Protein chains: 2
Amino acid sequence: MRGSSGTEGSRRATVTDVAKLAGVSTATVSRVLNRNYPVAGETRTRVEAAMEQLGYVVNAHARALAGASGRTVGIIVHDVVDPFYAYIARGVEQQAAQGDRLCLVCSTHGDPKRELAYIDLMHERRADAVIVVGGSVADRTYTSELARRARQLDEGGSKLVLCGRPSLGDRAPTASVEYDNEGGAFAITDHLLTQGHERILYLGGPPNLSTTRDRLAGHRRALELRGVTPDPRLEQPGAFSRAFGWRRLTELLKEKLEFTAVFAANDIVAAGALQALEEAGVRVPQDVSLVGYDDVPVAQELRPRLTTVHVPLEEMGRQAVRLAVPPGEDDDWREPMAGTLRLGTHIVVRDSVAPREQKRRRT
Amino acid sequence: MRGSSGTEGSRRATVTDVAKLAGVSTATVSRVLNRNYPVAGETRTRVEAAMEQLGYVVNAHARALAGASGRTVGIIVHDVVDPFYAYIARGVEQQAAQGDRLCLVCSTHGDPKRELAYIDLMHERRADAVIVVGGSVADRTYTSELARRARQLDEGGSKLVLCGRPSLGDRAPTASVEYDNEGGAFAITDHLLTQGHERILYLGGPPNLSTTRDRLAGHRRALELRGVTPDPRLEQPGAFSRAFGWRRLTELLKEKLEFTAVFAANDIVAAGALQALEEAGVRVPQDVSLVGYDDVPVAQELRPRLTTVHVPLEEMGRQAVRLAVPPGEDDDWREPMAGTLRLGTHIVVRDSVAPREQKRRRT
DNA sequence: ATGAAAGCGCTAACAT
DNA sequence: ATGTTAGCGCTTTCAT
């Protein structure tokens, strides 16, 4: 077998090779490639045969350099295996594919520096859009760096899209897809309140992340509205991980902190919390009620099935792409959609919440 | 704010602009960009200042066209939200990032035609490696199309990597990372057999997929070795979805099919099966034992916690990249690793299997 | 240490 | 309908 490792023999075929073999000009080859211009049927056949014979594969770099779009959208997440991000990524990918685009995907693992670096990398690739997903840290220099990139991208005709985080305001030309994070938190805390719970432990989520701040804000607003005085001990942010949920709650249980319900910052944290409760012999929901956030599939696998807030993850991903690139099949340049979008959330009631009255073991 | 939408005003800055502003040649700009060649400190500073001032962002397409690698690896999965693929993707991404590469990711949703089309798209992008993940269908023309692409890629100095599927043999120049699929299935069926189960229902997995065939093969081998006659009614492939697991098992239960254990084709199917069992009032593991495959996180959330086969997903992803591109930090061209790799699997015993003797409700 | 110039493979005017 | 040609933005000999 030939060419078993790159450096020898047959160079890749180019339009010139194809043109030569087919006895036409490179322009003609380009035309059959792009089906944009009339080409005689017989010529087309000849060119296609030549391509086939040469195993010709068009060079997207050359094409992009010559003026065409790179047909790429970039997406930057914390972690591709986290279902929150995975579902958004799925929406992005789906919508991108519909516009005949490929996705560049990368993970920052929560490091804002990496996020900025990846934006640059994607800009270098001339992505049509760069979508940064998930909460952002509240940090002056980070924010202004981000804004700077938004401007750079925009000047080059690309778009920075914020997905699931607050807009940068008019400080920068971005599109953004948000969801009613605060509202969802309000609603589910209210749900707990309605069931008679007042000592609600808020557990998990990086304290500096916009996501956490918004959820916490909704939580507090609900508390206030019912005249429940917030207890700082009951606010225990930390991380968005199962391990954190388990560990912190285990400690808290050991410390005999009093609460009748747990509001986990997301479903993953809830899974960890549930394990901690289970191990401590605390029954859910009879002894303690538990809710999560996001409504990712694991919520349905937990026992009891988790009451949580549904977030339209996949839809957010799709909209993020729509906001930045023309949705049509072909290359038509009808302007992309609006500049900012806010999707709704709603609570999904399952089996992890019970009225406070049923409890016996805790206050 | 300027340039709010592409088509107007300031074109993107190029090396030429930078060179002009810094009062040097484009060659010099290129040199400071790549840090490959000596450049006077003072010159470098001046060039960097110019870049900063112009908001210069190098064009990766031009760079790639001029001969550099595109620093991209492509990965093709069935679905990015399926944890089996997500974890492999994570490994790929991680290893790619280590080599300073970005990942192109796309989903076929199980359609081989799309898979082939995506390979082409990635080839057009001149990806250093194209990694196709997951089982493959047994289809003559598909296989030869795949082989053809492997050859094309190889001639161009890229590599097609098969991850989690059988190699194409010497029909084509590919690298491949497999895992002991058959062995894992053998082991877990044997585990069931050891507990006294003989009527084991194999549930789920597309029948035409290599993954299913291998798992089923291991399952049958274990059965044979113990002299258990296989009952065709007990082999119920179908799909790799929770919905399938639930639906099919619900039907089977209704038909009073007799079995004392269920071997779900993967953990997701197991989740569906567990729900069906639960709804039918069948206790797991007292009445029926249940096992899965893959050992993805949901296995630990199910109640009872699922006994399953661990597959080194992330590691597979990492190795897939190593096989195709030089692992080093920098561009050194020490040859990539071996051509084919087979990783081990092992069973993880949790709480979803009990000895047959304990049962009362079913034979 | 730096500059000049020749491409890399393709597309898009502009001719014919 | 098809051919000619001039770039796109960068890297890279080859000079100096």
Side-chain angles (χ1 to χ4, degrees), chain A residues 6 10-48 50-51 54-71 121 123-126 155-158 331, chain B residues 6 10-48 50-51 54-71 123-126 152 155-158 331:
Chain A
S10 56
R11 194 181 90 287
R12 260 172 176 126
T14 72
V15 273
T16 314
D17 301 325
V18 175
K20 210 161 291 173
L21 180 56
V24 298
S25 73
T26 63
T28 301
V29 175
S30 174
R31 296 200 255 266
V32 345
L33 226 33
N34 299 299
R35 339 187 143 283
N36 292 334
Y37 267 91
V39 171
E42 203 267 331
T43 310
R44 143 160 293 123
T45 319
R46 208 142 30 85
V47 172
E48 278 166 349
M51 289 177 163
L54 261 33
Y56 172 77
V57 178
V58 59
N59 184 326
H61 296 302
R63 183 177 266 182
L65 189 56
S69 146
R71 305 227 139 260
L121 249 27
H123 188 170
E124 292 180 3
R125 288 346 202 235
R126 298 300 187 260
E155 271 169 28
S158 301
D331 249 36
Chain B
S10 55
R11 194 182 90 286
R12 258 171 177 127
T14 72
V15 273
T16 313
D17 301 324
V18 175
K20 211 161 290 173
L21 180 56
V24 298
S25 74
T26 62
T28 301
V29 175
S30 174
R31 291 186 184 106
V32 346
L33 226 35
N34 299 300
R35 338 187 144 283
N36 292 333
Y37 267 92
V39 172
E42 202 266 331
T43 311
R44 144 160 291 124
T45 319
R46 209 142 30 85
V47 172
E48 279 166 348
M51 288 176 165
L54 261 33
Y56 172 76
V57 178
V58 59
N59 184 327
H61 295 301
R63 182 177 267 182
L65 189 55
S69 146
R71 304 228 138 259
H123 188 170
E124 292 179 7
R125 273 26 184 215
R126 297 300 187 259
Q152 280 182 163
E155 272 168 27
S158 301
D331 248 37

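If you're wondering where the values come from, they're calculated on a predicted model, not measured in any experiment. Lettering of chains follows the sequences in order, A, B, ..., and the numbering in each one begins at 1. As a basis for the values below, the full set of heavy atoms in this structure was taken, side chains included, without hydrogen atoms, waters or symmetry mates.
- Side-chain contact between A:Arg126 and B:Val57 is present, with at least one heavy-atom pair separated by less than 4.5 Å.
- If you check every strand for non-hydrogen atoms under 4.0 Å, A:Val24 touches sugar and phosphate atoms only.
- The side chain of A:Asn59 contributes no N or O atom lying less than 4.0 Å from OP1 or OP2 of C:dC8.
- Taking atom NZ of B:Lys20 as the reference point, atom P of D:dC10 lies 13 Å away to the nearest angstrom.
- One finds no side-chain N or O of A:Ser30 lying less than 4.0 angstrom from the OP1 or OP2 phosphate oxygen of C:dC10.
- Remark: B:Tyr37 is not in phosphate contact with D:dT13, judged by side-chain N or O atoms under 4.0 Å from OP1 or OP2.
- Distance alone, capped at 3.5 Å, places no donor-acceptor pair between the A:Arg31 side chain and the A:Arg44 backbone.
- Nucleotides of DNA chain C nearest to B:Thr43 and A:Val57 differ in position, and the one nearer the 5' end is that of B:Thr43.
- Whole-Å rounding puts the B:Asn34 CG to D:dC10 P distance at 11 Å.
- Between the CZ atom of A:Arg31 and the C1' atom of C:dA15 there is a distance of 11 Å, given to the nearest Å.
- Taking 3.5 Å as the limit, the base of C:dG9 and the side chain of A:Arg11 contain no donor-acceptor pair of atoms between them.
- In this structure, the side chains of A:Asn59 and A:Arg12 stay at 4.5 Å or more apart for every pair of heavy atoms.
- A:Thr45 places a side-chain N or O within donor-acceptor distance of the main-chain N or O of A:Gly41, the cut-off being under 3.5 Å.
- Here the side chain of A:Thr28 is nearest to one of C:dG9, C:dA1, D:dT2, namely D:dT2.
- A:Ala27 comes within contact range of at least one nucleobase, with a heavy-atom separation under 4.0 Å.
- When the C1' atom of D:dC10 is taken as reference, atom CE of B:Met51 falls 11 Å away, rounded to whole Å.
- Which of C:dC10, C:dT2, D:dT2 sits closest to the side chain of B:Ala40 comes down to C:dT2.
- Distances from the side chain of A:Thr26 to the nucleotides D:dT5, D:dG7, D:dA1 place D:dT5 closest.
- One atom, NE2 of B:His123, and another, P of C:dG9, lie 12 Å apart when rounded to the nearest Å.
- In this structure a side-chain-to-backbone donor-acceptor pair under 3.5 Å is missing from A:His61 to B:Ala62.
- As rounded to whole Å, 11 Å separates atom C1' of D:dC10 from atom CZ of A:Arg126.
- Here A:Gly41 lies out of heavy-atom contact (under 4.0 Å) with every strand.
- Each of B:Ala13 and A:Arg46 was matched to the nucleotide of DNA chain D holding its nearest heavy atom; the match closer to the 5' end belongs to A:Arg46.
- Whole-Å rounding puts the B:Leu65 CG to D:dG9 P distance at 12 Å.
- Remark: the backbone N or O of A:Gly70 is paired with a side-chain donor or acceptor of B:Arg125 at under 3.5 angstrom.
- Whole-Å rounding puts the A:Asn36 CG to C:dT11 P distance at 9 Å.
- When the nucleotides D:dG3, D:dG9, C:dT11 are ranked by their closest atom to the side chain of A:Ala66, C:dT11 comes out on top.
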